[in-house]
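Notes follow the structure.
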Amino acid sequence: MINPMQQVVIATRSRSSDAVITALQDAGVLHLKPITGGPLNTGSLTEGAAQSRREDERLLARADSTIAELGSYRPAPAPLPDPGQWGEIVERAAQPVSALARGRQEMQADADAEQAYGDAVRALARMAGELDRSRRLSLLPFLLQPSDNIAELDAALREALPERYALATETVGQNRVGLIVSLTRERDDARAALGKVRLGELRLPGRFDNMPLGDAAAEMDRIKRDSAGRQGQLNTERDALARQHGPALYAVRDALKDRVAVHDVRAVSARGKYSLVMQGFVPVDRVPALTSALGKFGDAVSYEMHPVDELHDDAVPVQLKNSDYVSRFSVVMGLLSLPKYGTFDPTWVIAIFFPLFFGIIIADIAYGLMFLFFGLWLLGKAKRGEGWDLSFFGAYVPPATLSNLGYVVNVMASWCIAWGFLTGEFFGTLLEHMHFFYINPDLLNNLWSWTGVTFVPEPEGKYYGLIPILFPRLETSYFSNVALVFALLFGILQVLWGWGIRIQQGVKHKDPVHTWEGIALFGGVLALIMLAFATQAGKDFGQFTNFANPLIIVMYIGFALFLIGWIRVIKQYPLLPIELLSQGGAVVSYARIFAVGLVSAILARLSTDLGWSLYENIGVLGIILGLIVGIALHFFVLALTLIGHIVQPIRLQMVEFLNPTGFNTETSPAYNPLRRLSPTTDSSGQVK
């Protein structure tokens, strides 16, 4: 749910403003809103305050850049040094860290140059021999693509420098490098001949540009030989600097952020010679913390609270407040924008349907167990306070996020395992081959005969085992229609639900346009659904006059609601009938749950069947080959399809369900209260 907010206006004396802002930082509940327009307005800070702000921001930027160059994560909290020493502490850390960073950049530049040009330079050095040290001769290296013709270059050189040049080439990788030797005074003529055949001189980067080829090759050999050791040495030096300066640097950086935040509060507040006025928002359940923080100032502070205007104020921040289970899915909600204040929070819907849809798509016990082990591994790292360093993606997952991610993966795995028991799948049909799961014709007919499906046993079929399969999605010859309609039922539920939310929000906000739009499309989609069921997907249009069929009555009521709603909003939405067809397609989109899952199951079955056939045809050796082939194919199939299995359930929630609610058209800022980063101190100077 969206946590309800109160708007608050706070007025205080200028001489008390620093203490009041600091108290608000300690409380950590007030989301500030700039004062613009009206009789109260913000303005530029005065000269003294502006200079203080610039100095604090400069020092903060220096501390931030130094921490970034250290590349260290936040260490254990350290005592906050005296404010008079902050500049000295930052500079004492910044100077060696900057020097180290320059060394790392130079080393990386050398390593990149060696990787890009090393083989070519070595080949050129071999061709040049001692000629690169001659004063009378000039060397002109160049690079040849596979399509370049060396004969054209040779002809151009004979024309420009008859009998006064040498030309040599050598293959390096997929290309060739070449070297032209000419008299020093004729170097420009050789370069012109090179340009005549659309080739350019090979110039080495940075400090290698003016080196003789032999020296450049020797230097690149040294870089290749020593780069790993040098990298380790620089990392060791950086770690030592992080241990030495990191705790104090983080403490000063946090304190500087708090000080800059005070300047920021002043900048967005209305200021006079003797007073300062702030405005903002506070969650209803955090009001006591705000009143407690301000109460100690007595008459020096005045404040007033009133309900927010959710219809006209777009600046009301959003804080989502849900149960522990639902809150864990914040890692999924991070892919979406926040809802607009006063509307619908879909987090709990996603927390239910996303893992459910994922489980229906995978529906394999073995795959579910693999996800479960992965989720438990993530939870184990989070419990130990460890993050996950995904340096190859340039990302780091902190322990708190890792805990939520592990929890979500475990929920997804649980649904996979549960649906795997219903479909009888374990690495596809492995346990069905072993007669752990089996098809029970009588049971299936008792369960599904009401849908018109009849299972006819094959004469040579082996229908025995331990656990009967209740949802045989792999039996496409007779069960595919049932599985497809089952998936579409989720679409019927969520699309109608989405337009129902649209109606509810329109009524709540007294918005007749969105209300009638919701009524029109709710009725229209309902009518299309009834039309599909009543006519058996268009096979029996004679049902249109069968008023004894309640589906037909509901269909006509739905079309009537659509026409009435469209007439009411035809000026705003003249193409609403086209949108109705689009919403019918949104319902059909839920067939992805069936289709994507069936493709995954078929690939898993083929992988297992191939391995099993090797066992049946070869014997003991076939068991080994079957295991190797089957496991390899299963991992390949899972890796190939996993992204789609995750993306499809998210897409159904983000697009098909949330579009009708209006969620994707409006948003509100995130609740970001003013809070202290550095530790507070009591009157005796002790850190709390």
Side-chain angles (χ1 to χ4, degrees), residues 320 322 325-337 339 344-372 374-375 378 401 404-423 425 471 473 480 483-499 501 582-583 585-604 637-661 663-664:
L320 301 181
N322 293 298
Y325 170 81
V326 174
S327 297
R328 297 280 194 163
F329 283 80
S330 59
V331 293
V332 181
M333 279 299 295
L335 301 173
L336 307 175
S337 58
F344 171 71
D345 173 21
T347 311
W348 67 274
V349 179
I350 291 175
I352 293 173
F353 286 97
F354 165 67
L356 172 61
F357 289 172
F358 179 83
I360 295 174
I361 290 173
I362 297 289
D364 189 292
I365 298 172
Y367 289 169
L369 290 173
M370 292 167 61
F371 286 117
L372 183 63
F374 177 61
L378 293 176
T401 303
N404 290 338
L405 183 61
Y407 187 90
V408 170
V409 170
N410 282 349
V411 176
M412 295 161 62
S414 300
W415 279 114
C416 290
I417 295 170
W419 275 95
F421 275 99
L422 294 177
T423 61
E425 294 175 29
F471 196 84
R473 63 174 177 175
S480 58
L484 175 61
V485 172
F486 174 76
L488 291 177
L489 289 177
F490 288 107
I492 294 171
L493 168 67
Q494 288 209 315
V495 173
L496 289 177
W497 186 6
W499 286 112
I501 292 172
S582 173
Q583 290 303 306
V587 174
V588 177
S589 289
Y590 282 77
R592 301 166 190 265
I593 300 173
F594 160 73
V596 175
L598 182 60
V599 169
S600 172
I602 290 174
L603 290 174
V637 167
L638 187 60
L640 191 66
T641 59
L642 180 59
I643 293 178
H645 298 340
I646 296 174
V647 168
Q648 293 301 337
I650 292 177
R651 183 193 182 279
L652 291 174
Q653 304 305 306
M654 292 176 62
V655 180
E656 273 70 20
F657 173 61
L658 289 180
N659 270 351
T661 68
F663 177 91
N664 293 321

So, taking the atom named [atom1] in [X] and the one named [atom2] in [Y], what distance separates them when rounded to the nearest 0.5 Å?
{"X": "Ile352", "Y": "Phe357", "atom1": "CD1", "atom2": "CZ", "value": "10.5 Å"}
{"X": "Leu484", "Y": "Leu489", "atom1": "CG", "atom2": "CG", "value": "9.5 Å"}
{"X": "Asn404", "Y": "Leu378", "atom1": "CG", "atom2": "CG", "value": "11.0 Å"}
{"X": "Leu405", "Y": "Phe329", "atom1": "CG", "atom2": "CZ", "value": "10.5 Å"}
{"X": "Gln494", "Y": "Ser589", "atom1": "CD", "atom2": "OG", "value": "12.0 Å"}
{"X": "Glu656", "Y": "Tyr590", "atom1": "CD", "atom2": "OH", "value": "6.0 Å"}

**Study point:** Audit row: Phe353, Leu493, side-chain contact (heavy atoms from CB on, under 4.5 Å) steps and yes/no
**Key:** CA-CA 11 Å; Phe353 286 97; Leu493 168 67; 4.0 Å; yes

Could you list the residues that satisfy side chain to side chain donor-acceptor pair (under 3.5 Å) with Thr423, not counting sequence neighbours?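 With sequence neighbours excluded, Thr423 shows a side chain to side chain donor-acceptor pair (under 3.5 Å) to no residue whatsoever.
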
Compare all side-chain heavy atoms of [X] with those of [Y] and state whether any distance is below 4.5 angstrom.
{"X": "Pro660", "Y": "Trp497", "answer": "no"}
{"X": "His645", "Y": "Ser600", "answer": "yes"}
{"X": "Ile593", "Y": "Gln648", "answer": "no"}
{"X": "Val587", "Y": "Gln583", "answer": "no"}
{"X": "Phe657", "Y": "Leu652", "answer": "no"}

Which of Asp345, Ile350, Val349 passes side-chain contact (heavy atoms from CB on, under 4.5 Å) with Thr347? It is Asp345

Assess the residue pair Leu356 and Trp419 against the criterion (side-chain contact (heavy atoms from CB on, under 4.5 Å)); give the C-alpha distance rounded to whole Å, side-chain angles, the decisive distance to 0.1 Å, and a yes or no.
CA-CA 9 Å; Leu356 172 61; Trp419 275 95; 3.7 Å; yes

- [ ] Go through the steps for Ile360 and Trp415 under the test side-chain contact (heavy atoms from CB on, under 4.5 Å), then give the verdict.
- [x] CA-CA 7 Å; Ile360 295 174; Trp415 279 114; over 6 Å; no

For [X] against [Y], the heavy-atom pair lying closest together:
{"X": "Ile362", "Y": "Cys416", "result": "CB-SG, 3.6 Å"}
{"X": "Glu425", "Y": "Ala363", "result": "OE1-O, 3.4 Å"}
{"X": "Phe663", "Y": "Ser337", "result": "CZ-O, 3.0 Å"}
{"X": "Ala487", "Y": "Ala591", "result": "CB-CA, 4.5 Å"}

- What is the ring orientation for Phe358 with Phe354, classed by angle as parallel under 30°, tilted 30 to 60°, or perpendicular over 60°?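 Ring orientation, 0 to 90° scale: tilted.
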
Check your understanding: Do Phe471 and Phe486 make the cut of ring centroids closer than 6.0 angstrom?
Key -> yes

### Query
For Asn410, does its backbone N or O pair with a side-chain atom of Ser414 as donor and acceptor, under 3.5 Å?
yes

Hey, does the side chain of Tyr325 reach the backbone of Ala351 with a donor-acceptor pair shorter than 3.5 angstrom? yes

